[in-house]
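Quick notes on the structure that follows.
Naming: A, B, ... by sequence-line order, numbering from 1 per chain. Heavy-atom basis, side chains included; hydrogens, waters and symmetry copies ignored.
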Amino acid sequence: MRFFRYFHRFSSPREFFRIAGSMIPWLAAATIVLLMIGLYLGLFVAPPDYQQGESYRIMFIHVPSAWMSLFVYMVMAGAAAIGLIWRIKLAHVMAMSSAPIGASFTFLALVTGSLWGKPMWGAWWVWDARLTSELILLFLYLGVMALYAAFEERRTAQRAAGILAIVGVVNVPIIHYSVMWWNTLHQGPTVSKFDAPSIHPSMLAPLLIMSVAFTVFYATVLLMRARWDVLDQEQRSNWVDEYLEQS
Amino acid sequence: MTVSEFFDMGGYAFYVWTSYGIAFAILLINVVVPIVRRQRLLRELRRMKSRKTP
Amino acid sequence: MEGVPNNAVTAFTTIFRRDIKLALRHRSELINPLAFFVIVVSLFPLGLSTDSRTLLQIAPAVLWISALLATMLSLESIFRSDYEDGSLEQLVLSEHPLSVIVLGKVAAHWCTTGLLLTLISPALAISLAFPPQKLGILVWTLLLGTPTLSLIGSIGVALTVGLRRGGILLALLILPLYIPILIFGASAVDMSIDDLDVAGQLYLLAALLVLSLTLTPFATSAALRVTLE
């Protein structure tokens with residue numbers, strides 16, 4: 001029970017504002033350190049790939065951002081569900097703050113995927129199964145963000161976009177497998193799969209470190225966004241006035 | 001591995017460095033947006049407050 | 001009205017009959033999705049070529065995408081008129097389960113659009129040099145697919161019913177969710193032309209239909225409660 005009481009205290013807007021504020025510098029520092037290590041290992045230590053030479057190094061950005069695009073969507077849908085079921089305002093704020101971040105990771109995955117595909121296949125865009133389902137994931141994100149922006153009243157906007165996020169998360173696996181099935185139908189499995197080269201430990205390490213770095217980065221930026229959403233939402237309460245006098 | 005060799009990335013310099021460049025840009029945007037939002041919000045709240053208290 | 005068992009089934013049939021009656025009263029509105037379907041399909045030969053081989057090659061995609069767009073554009077009619085005259089709020093507040101009422105409304109919408117689109121699709125297929133003996137699969141896939149389109153579409157309509165210009169937004173919300181149905185529907189028709197076995201796609205379309213039959217009414221009623229609050 002103690003754990004829940006701690007967590008409940010955390011969810012009052014004022015507490016969240018203060019605690020998030022204190023956590024952000026640490027998270028930011030961790031992100032920078034992890035990024036430095038990941039980039040160093042990825043760009044300097046990892047050997048060139050016997051097949052793709054140096055161009056495979058794009059993988060250290062593409063694969064983590066693709067993982068993040070899916071991970072952030074799951075977090076968004078989970079937070080929206082918590083918000084809708086237990087009516088916790090903070091959960092809605094977290095969900096809606098995650099949407100743009102997830103969309104930016106998805107966009108990054110698409111751009112780096114196309115940049116990586118060009119030297120390998122000679123085309124900027126290939127209707128490869130993974131790139132296509134990544135593109136559809138971007139549409140899902142845009143849908144959630146557009147719906148959130150369409151309502152004037154913030155509470156309705158959060159809950160409507162939250163429902164769409166949950167409907168979306170149910171559809172993500174369906175879309176993923178139908179696109180996979182569609183892809184084998186048209187391109188056939190023989191086309192060289194969009195596989196990362198055989199994962200040699202020296203290549204796996206930077207990949208994992210970059211993924212952790214991206215996750216910590218997501219946490220940092222999410223707290224930053226959520227903090228100011230909460231302050232904006234609680235404008236009328238007195239702790240906001242106190243904060244304004246202090247700073 | 002001379003510096004120029006490193007930047008050349010085995011002939012794929014354009015692709016690799018554009019990807020890393022865009023990645024850095026996107027991460028930066030994600031950081032800058034909340035900061036800009038913070039300034040605008042605080043300025044607006046202060047203006048509303050100053051109007052309320054005579 | 002006592003003696004009438006006021007359980008879910010009567011709620012469903014009452015709403016269904018009411019909406020069908022309402023739709024028949026504005027018969028001209030029934031034609032709109034059909035006219036849209038015919039016009040969009042006939043744009044392709046005009047835009048592309050009249051050579052029957054190319055037409056046949058694009059026919060499955062053209063028929064399916066046009067049917068999908070026609071359904072999507074007619075989705076507004078599920079809740080829009082009830083929202084405007086306030087009866088939607090009464091329905092939400094009624095003691096009958098809202099998901100059953102929503103199912104009734106979506107079934108009525110399917111009968112007035114999806115079903116009609118499916119019925120006229122053979123004629124349009126013929127215009128795209130479709131071999132007459134292969135029309136069966138086309139009709140089958142549309143029969144299985146269009147209800148799913150209406151069911152999933154009802155979520156989007158429920159989410160955007162309160163907004164003034166929900167049209168384009170509705171498309172952005174719904175089209176990504178239509179993709180699996182389009183993939184299996186269009187490929188089934190395409191492969192049936194070459195006499196390949198399409199049982200797999202038909203089963204998957206049926207599975208998607210059953211899945212959306214069981215899940216979407218809850219999402220739609222939750223969306224209605226949120227937007228009508």
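- Screening C/Thr227, C/Leu159, C/Thr160 against A/Phe151 for a side-chain contact (heavy atoms from CB on, under 4.5 Å) leaves a single residue, C/Thr227.
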### Task
Given side chain to side chain contact (heavy atoms under 4.5 Å, CB included), test A/Arg159 with C/Arg225 step by step and report yes or no.
CA-CA 10 Å; A/Arg159 301 177 72 213; C/Arg225 287 209 176 83; over 6 Å; no
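- Heavy-atom minimum distance, C/Ala219 versus A/Ile163: O-CG2, 4.3 Å.
- In this structure, C/Phe184 has its ring center at least 6.0 angstrom away from the ring center of A/Trp182.
- Contact between A/Leu140 and C/Pro176 at its shortest, heavy atoms only, is CD2-CB, 3.7 Å.
- Note on A/Leu142, A/Ile166, A/Ile175: by heavy-atom pairs under 4.5 Å with chain C, the leading option is A/Ile175.
- Of all heavy-atom pairs spanning A/Ala150 and C/Leu163, the tightest one is O-CD2, 3.4 Å.
- Among C/Ile179, C/Leu172, C/Ile183, C/Leu175, the residue with the largest count of heavy-atom pairs under 4.5 Å with chain A is C/Ile183.
- Contact of C/Thr216 with chain A is not made at all, since no heavy-atom distance falls under 4.5 Å.
- Along residues 226-240 of chain A, no residue comes nearer than 4.5 angstrom to chain C, judged on non-hydrogen atoms.
- Counting non-hydrogen atoms of neighbouring residues, nucleotides and ligands closer than 6.0 angstrom, the CZ atom of A/Phe107 reaches no more than 12 such neighbours.
- Only the side chain of C/Leu208 comes within less than 4.5 Å of a heavy atom of chain A; its backbone N, CA, C and O stay farther away.
- The part of A/Glu152 that comes within reach of chain C is its side chain, from C-beta onward, which places non-hydrogen atoms under 4.5 angstrom from that chain.
- Around CH2 of A/Trp124, the count of heavy atoms belonging to other residues, nucleotides or ligands within 6.0 Å exceeds 12.
- In terms of non-hydrogen atom pairs under 4.5 Å with chain C, the most contact-rich of A/Phe139, A/Tyr177, A/Trp181 is A/Trp181.
- Counting non-hydrogen atoms of neighbouring residues, nucleotides and ligands closer than 6.0 angstrom, the CD1 atom of C/Ile168 reaches no more than 12 such neighbours.
- Residues A/Val144 and C/Leu173 have side chains not in contact (no heavy-atom distance under 4.5 Å, counting atoms from C-beta outward).
- In this structure, no portion of C/Ile152 lies under 4.5 Å from any heavy atom of chain A.
- Counting all heavy atoms, side chain and backbone alike, C/Ser187 lies closest to A/Leu185 at CB-CD2, 3.7 Å.
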